[in-house]
Q: 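Please find one structure pasted underneath; my questions will follow.
The first residue in the sequence is number 1, and the count goes up from there.
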Amino acid sequence: MEDLRQLLLTYIEDVPGMLGIVLCDREGIPIIRCTLEDCPEPATKPAFLSAHSTCSEQAGKLGLGSNETIMAVYQNYQVVHLVHTGIVVSVIATANAVLSELLTTTESLKPLIQDISLAVLDPV
């Protein structure tokens with residue numbers, strides 16, 4: 001698990017302004033957290049993480065189809081949530097971080113998420 005945390009840390013360090021990556025299930029239960037000291041702790045808690053999954057599901061009911069990514073911009077932070085193979089990836093960053101870099105990072109995490117979902121959500 002520590003190797004995975006170190007891998008996630010390299011993604012965080014590669015993007016200026018990125019503060020953390022949390023992988024969790026749809027209920028917001030964290031599978032792994034990797035955050036810098038400046039990352040706001042409430043953004044890594046299950047209540048916050050599950051609220052965004054719920055928002056994503058509700059947004060899908062608006063007649064525009066399903067979505068896999070939802071972004072929220074706050075006064076000091078921005079959060080990108082990506083749902084892939086049953087795993088929710090939450091990327092927390094400062095308000096000044098470049099959104100396209102955050103989205104590119106979430107996309108590049110998909111192969112890793114695929115492997116994690118097989119191990120965690122469908123244990124043999």
Side-chain angles (χ1 to χ4, degrees):
M1 196 63 100
E2 190 57 37
D3 290 340
L4 179 56
R5 195 170 277 112
Q6 286 298 331
L7 177 61
L8 293 176
L9 185 59
T10 62
Y11 282 96
I12 293 169
E13 292 171 340
D14 282 347
V15 179
M18 188 182 297
L19 301 173
I21 299 173
V22 180
L23 305 181
C24 65
D25 64 13
R26 290 184 185 266
E27 286 79 41
I29 306 303
I31 297 167
I32 187 163
R33 289 183 190 132
C34 184
T35 60
L36 300 180
E37 189 175 310
D38 294 339
C39 187
E41 187 178 350
T44 67
K45 297 292 184 183
F48 179 82
L49 299 170
S50 66
H52 281 83
S53 291
T54 302
C55 289
S56 180
E57 290 172 11
Q58 292 302 314
K61 295 178 183 178
L62 296 175
L64 299 174
S66 63
N67 62 63
E68 77 172 22
T69 305
I70 190 166
M71 294 154 281
V73 180
Y74 301 94
Q75 184 175 358
N76 298 318
Y77 302 101
Q78 52 187 321
V79 182
V80 176
H81 297 277
L82 167 81
V83 180
H84 183 66
T85 63
I87 303 284
V88 180
V89 180
S90 298
V91 174
I92 302 110
T94 64
N96 298 329
V98 178
L99 182 58
S100 64
E101 291 182 15
L102 300 176
L103 292 171
T104 299
T105 300
T106 59
E107 287 297 317
S108 66
L109 286 169
K110 281 185 174 181
L112 175 66
I113 297 163
Q114 179 75 33
D115 292 342
I116 291 171
S117 71
L118 292 173
V120 174
L121 299 179
D122 224 0
V124 179

Q: To the nearest 0.5 Å, how far apart are SG in C39 and CE in M18?
A: 11.0 Å
Q: Quick check for you: to the nearest 0.5 Å, what is the distance between I113 atom CD1 and I31 atom CD1?
A: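 Between I113 CD1 and I31 CD1, I get 9.5 Å after rounding to 0.5 Å.
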Q: Would you call L8 and L109 a side-chain contact if the rule is heavy atoms closer than 4.5 Å?
A: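 Result yes, sub-4.5 Å side-chain heavy-atom pair found.
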Q: Would you compute the distance between atom CD1 of I21 and atom CG of L4 and round it to the nearest 0.5 angstrom?
A: 9.5 Å
Q: Should L103 and V98 be regarded as members of a common hydrophobic cluster, given that ILVMFWY residues are connected when their side-chain heavy atoms come within less than 4.5 Å of each other, either directly or indirectly?
A: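 Different clusters: L103 never reaches V98 through Ile, Leu, Val, Met, Phe, Trp or Tyr contacts under 4.5 Å.
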Q: I need the minimum non-hydrogen distance between P30 and C24, along with the two atoms involved.
A: CA-CB, 3.7 Å
Q: Is there side-chain contact between D38 and T94, with heavy atoms separated by less than 4.5 Å?
A: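 With C-beta onward as the side chain, the pair stays apart.
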Q: Would you say Q114's side chain and T85's backbone share a donor-acceptor pair under 3.5 angstrom?
A: no
Q: Only pairs at least two apart or in different chains count here, so list each ring pair (Phe, Tyr, Trp, His ring centres under 6.0 Å) that has a residue in residues 81-105.
A: H52-H81
Q: From L82 CG over to N67 CG, what is the distance, rounded to the nearest 0.5 angstrom?
A: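 Between atom CG of L82 and atom CG of N67 there are 10.0 Å.
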Q: Looking at every heavy atom in both V88 and R26, which two are closest together, and how far apart are they?
A: CG2-CA, 4.1 Å
Q: Could you report the tightest heavy-atom contact between P16 and E101, atom names first, then the distance?
A: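 Closest heavy-atom pair between P16 and E101: CD-OE1, 3.5 Å.
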Q: Just how far is it from atom CD1 of I70 to atom OG of S90, taken to the nearest 0.5 Å?
A: 10.5 Å
Q: Would you name the heavy atoms of A95 and Q75 that are closest together and state the gap between them?
A: CB-O, 3.7 Å
Q: At what distance, to the nearest 0.5 angstrom, does CG of L9 lie from CG of D14?
A: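 Answer rounded to 0.5 Å: 9.5 Å.
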Q: State, to 0.1 Å, how close R5 and C34 come at their nearest heavy-atom pair, and which atoms those are.
A: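 Distance-wise, the nearest heavy atoms are O-SG, 3.3 Å.
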Q: Do you know the tightest heavy-atom contact between L19 and Y77?
A: CD1-CE2, 3.6 Å
Q: Please check if V91 and I87 belong to a single hydrophobic cluster, counting links between Ile, Leu, Val, Met, Phe, Trp and Tyr side chain heavy atoms closer than 4.5 Å.
A: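 V91 and I87: one cluster.
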Q: Are there over 12 heavy-atom neighbours, none belonging to E2, within less than 6.0 Å of that residue's CD?
A: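 Counting neighbours around CD of E2, more than 12 heavy atoms of other residues, nucleotides or ligands fall under 6.0 Å, so yes.
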Q: Hydrophobic side-chain clustering at under 4.5 Å (ILVMFWY, transitive links): who's grouped with Y74? Put none if nobody.
A: V22, F48, L49, V79, I92
Q: Under 4.5 Å between side-chain heavy atoms, counting indirect links through other Ile/Leu/Val/Met/Phe/Trp/Tyr residues: same cluster for I12 and L7 or not?
A: yes
Q: Determine whether V89 and Y11 fall in the same hydrophobic cluster, where Ile, Leu, Val, Met, Phe, Trp and Tyr are linked whenever their side-chain heavy atoms lie under 4.5 Å apart.
A: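 Same cluster: V89 reaches Y11 through Ile, Leu, Val, Met, Phe, Trp or Tyr contacts under 4.5 Å.
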Q: With clusters defined by side-chain heavy atoms of hydrophobic residues (ILVMFWY) lying less than 4.5 Å apart, directly or transitively, does L36 cluster with V80?
A: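 Yes.
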Q: Could you tell me if the side chain of T69 sits less than 4.5 Å from the side chain of T106, heavy atoms only?
A: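 T106 vs T69: side chains apart.
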